[in-house]
Protein chains: 2
Amino acid sequence: MAPVFPWTPSGLVSPDSPGAVLQLVRTAHASSRSEIARLTGISATTAATRVQALLDHGYLEEAGEGVSLGGRRPRQVRLRTTGGVVAAADLGGSHAALALFDLGGRLLVDRSASLRVQDGPESVLGWVHGQLAEMLDGLEGPAPLRAVTVGVPGPVDAQAGRVVTPARMPGWHGVDVRALLGRLVDVPVLVENDANLMAVGEYAATPEPGSHLVFLKAGSGIGCGVVIDGHLHRGARGAAGDISHASVGTDSDVPCSCGRIGCLDAVASGAAVTRDAAAAGLPVTDTTDVLRLAADGEPVSAQLLRSAGRATGEVLASVLNFFNPDTLVLGGRLSQAEPYVAGLRAVVYERCLPLATDALQVTVTRAGPLAGVIGGAHLALEHLFEPTRVNATVGSGAAGPATAS
Amino acid sequence: MAPVFPWTPSGLVSPDSPGAVLQLVRTAHASSRSEIARLTGISATTAATRVQALLDHGYLEEAGEGVSLGGRRPRQVRLRTTGGVVAAADLGGSHAALALFDLGGRLLVDRSASLRVQDGPESVLGWVHGQLAEMLDGLEGPAPLRAVTVGVPGPVDAQAGRVVTPARMPGWHGVDVRALLGRLVDVPVLVENDANLMAVGEYAATPEPGSHLVFLKAGSGIGCGVVIDGHLHRGARGAAGDISHASVGTDSDVPCSCGRIGCLDAVASGAAVTRDAAAAGLPVTDTTDVLRLAADGEPVSAQLLRSAGRATGEVLASVLNFFNPDTLVLGGRLSQAEPYVAGLRAVVYERCLPLATDALQVTVTRAGPLAGVIGGAHLALEHLFEPTRVNATVGSGAAGPATAS
DNA sequence: TTGACATACTCCAGAAATTGGACTTACCTC
DNA sequence: GAGGTAAGTCCAATTTCTGGAGTATGTCAA
């Protein structure tokens, strides 16, 4: 008999590194010393020691006693959420949402404001910084800013923190948002596509490890965000999630911005629906008008929205068959229109394979307009607390909580 | 100023667990003690101790001396590949490929044979076991079998090791391949879809961590395998990669097996091409005939293959835009036909967005007919050496190298 | 009420792992 | 050769982890 391995390299199986204790508490998987010992396999003594270290350094705080499981009640601990805040800014074509969150991911304040993208990156990011500073000043217990996430409506090189060819933000191509804003705030700055942020925001609402989520942002443009196994999928060039130029079977001959005919974006986007509604003689100038008419029971607008939903569903069906996610979340302004959602759902269930739909949940966004900033906060906190990738130097470069402004 | 964290939980940043040493050597990232110390950040003493333990237990072996970097030559170590073998079986509709690999992933023997699926799971898996036993007997230095991967042409519940609704293997629905084969071989058994295995096999040829790969298997049916960030993406129900029922713009009215019209499978699969070729009066009975005619310069068959490639490219373009991989690998028998590949490439580059194609490599499979078993070996070795998921009880359940037959 | 038993946690001494520095080996360059 | 450098070993000091004893505080059932 050839040699066998009677010995397994220790540490190969269970990830019980010291930092894992913080993760367990942060993700609500454990809340007492004994629970940590059980889950990680480390001894009770070690668990207590590590918890104490985290308490001493302000990562955790005592949280009273839990319920007895037949013996002494456990002394619970939780993340100390007052040790700082993270900020997220979700920039749109003409509008921005800004918010502050505590270290537990709880929303502290948010505001939204109209934005003048055309003023250029320096001006806009300066404005963002001013808004954030105001919000920070307004907090009750002042806490240091730890990280900022900026969402922009276009492709992003998240590694470098740069904007790439944004269709809806002329003048921003190649702009190093990380450097520009990092100079002002002096904390790590993450830059991300807005649909990606929304996807993460929805995932954060019910974070099931190992689950896959596709988020559809159907507004004046159409885009997707993809979360795979709990991690944002950006693709090779940060361009993942683009379905706007998939071709749909249509008799429309309106040319798309990409030069082709029959692209989803030219047929089923908010802009396209508005254009078609206006052409049909309805008194509309933007997507909101169409949504209002449809909500009031105006049939032509409802019909247009339903068609847009069906066209989008057609494209999504291919995506869902290919990608087989657990969840499809519909967001963006069009997802507020019932005919749109109904049309989309009908086609998805008609066109998808049984295996693709039997586990699939199709829901309308719960986080709503805050999905983007919630996702931004999630990424910022992940960056602060789980800097697993050693080479991921972001912003001020510090791995984990470090000096902040 | 609110409290800041001057202390970072140790172990939060660098993954330097004892088992990491084995991974570094296995993945060819390190080959000497000093290199391991440098890469992991552990002291030279510790690195030497761990290497010695791995040597003592047969995981590693000495491998002579390397080149000097200005001082003493490093004493190299490498994975001890003779400590066992892994097996992979790639079952097709009527054909099977079987192979044995050493623990370094090197192919030792392979054979292919015709298969009678209709004999049923017990019979077929018994036959597989017999073939593997024969091959094991034929090895020079007899080594114990450590794990087996079985690829089947249909959806799979990899977690449970079961086959799910396989279109091309009637009688196999719900069959617990892991249990059936595990009873015979008494080592961990992995079950996986064949296109998935091929994707992993191609990835294994040039394993770049963080890269995304889509593998197209275009044979008598059409399927994809997806590797995300080095990990196989199975989807929620193990059904990821299915593009056979995406609809393509065509004037064909041949109904698909799913009951609809215009599905890719009904238009561009090997079976569809053969059908159309026969209908055009060509003397063909299967895909091989068509490929041969086209290779001989027969224009109608070439034209049909080109159209099939174009239709497939149309569907893939959507997938590539959405998914933004680094690599698209074309495999399956149709990928051997130049007109098919040319048609596919043309449409992909025409229909994809610049961001989706500027980083994209479109290549024809290098691993060829062995891609499936190579992928199977890769998964088996990954299971043996990287059992990071604690709950992943597979086969005989042991995590890491353990008792074997 | 009371005893039996369980869980949660702490304390402490022994065991194990890790480290830094001294030391050896062995190569390169000049 | 001499000096410099990298690779690796040896060893004592240090740090970390563990298991068992002991304490605190519950549940449960008679």
Side-chain angles (χ1 to χ4, degrees), chain A residues 6-25 28-57 59-78, chain B residues 6-25 28-57 59-78:
Chain A
W7 172 80
T8 299
S10 67
L12 209 155
V13 177
S14 71
D16 70 339
S17 67
V21 172
L22 181 56
Q23 305 311 333
L24 281 175
V25 177
H29 286 291
S31 60
S32 71
R33 292 156 181 78
S34 60
E35 204 172 359
I36 289 166
R38 267 199 307 275
L39 288 169
T40 58
I42 62 182
S43 72
T45 312
T46 309
T49 309
R50 289 184 183 168
V51 166
Q52 193 55 52
L54 292 165
L55 286 169
D56 290 345
H57 290 91
Y59 284 91
L60 300 181
E61 62 189 6
E62 302 272 2
E65 300 194 325
V67 291
S68 166
L69 279 81
R72 176 174 169 177
R73 283 185 301 230
R75 288 172 47 196
Q76 298 190 298
V77 292
R78 65 172 169 232
Chain B
W7 173 80
T8 300
S10 68
L12 209 155
V13 177
S14 71
D16 70 339
S17 68
V21 172
L22 181 55
Q23 305 313 334
L24 282 175
V25 178
H29 286 290
S31 60
S32 72
R33 293 155 181 80
S34 61
E35 204 172 359
I36 289 166
R38 266 198 307 275
L39 288 168
T40 59
I42 62 182
S43 72
T45 312
T46 310
T49 310
R50 289 185 184 166
V51 166
Q52 194 54 52
L54 291 164
L55 287 168
D56 290 345
H57 291 90
Y59 284 91
L60 299 182
E61 62 189 8
E62 302 274 2
E65 301 193 324
V67 291
S68 165
L69 279 81
R72 176 174 170 175
R73 281 184 303 229
R75 290 172 46 199
Q76 296 191 299
V77 292
R78 63 169 170 237

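Naming convention: chains lettered A, B, ... in sequence-line order (proteins, then strands); numbering from 1 in each chain.
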For [N], does either OP1 or OP2 sit under 4.0 Å from a side-chain N or O belonging to [X]?
X	N	value
B/Ser68	C/dC27	no
A/Arg33	C/dT7	no
B/Arg38	D/dA6	no
A/Thr45	D/dT18	no
B/Ser34	D/dA6	no

Salt-bridge contact A/Glu61-A/Arg75 (side-chain N to carboxylate O under 4.0 Å):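 Answer for the salt bridge query: no.
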
Can you check the [X] [atom1] to [N] [atom2] distance for me, whole Å?
X	N	atom1	atom2	answer
A/Gln52	C/dT10	CD	C1'	11 Å
A/Ile42	D/dT15	CD1	P	20 Å
A/Arg50	D/dC17	CZ	C1'	8 Å
A/Glu65	D/dT25	CD	C1'	9 Å

Nearest to the [X] side chain among [options], which nucleotide is it?
X	options	value
B/Arg72	C/dA26, D/dA24, D/dT9	C/dA26
A/Arg73	D/dA7, C/dT10, D/dG26	D/dG26
A/Thr46	D/dT23, D/dC17, C/dC27	D/dC17
B/Ser43	C/dC9, C/dG20, D/dA7	C/dG20
B/Leu69	C/dT10, D/dA6, D/dT9	D/dA6

Side chains of A/Ser32 and A/Gln76: any donor to acceptor distance under 3.5 Å?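 No - no donor-acceptor pair under 3.5 Å links their side chains.
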
Any luck finding a side-chain donor-acceptor pair between B/Ser43 and B/Thr46 under 3.5 Å?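 There is such a pair between these side chains.
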
For the residue pair A/Arg33 and A/Val77, establish whether any side-chain heavy-atom pair is separated by less than 4.5 Å.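 Yes, close enough: below the 4.5 Å cut-off.
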
When you match A/Gly70 and A/Ala44 each to their closest nucleotide on DNA chain C, which lands nearer the 5' end?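 It is A/Gly70 whose nearest nucleotide is closer to the 5' end.
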
Please name the pair of heavy atoms, one in A/Val67 and one in A/Arg73, separated by the smallest distance, quoted to 0.1 Å.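 It is C-CG, 4.3 Å.
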
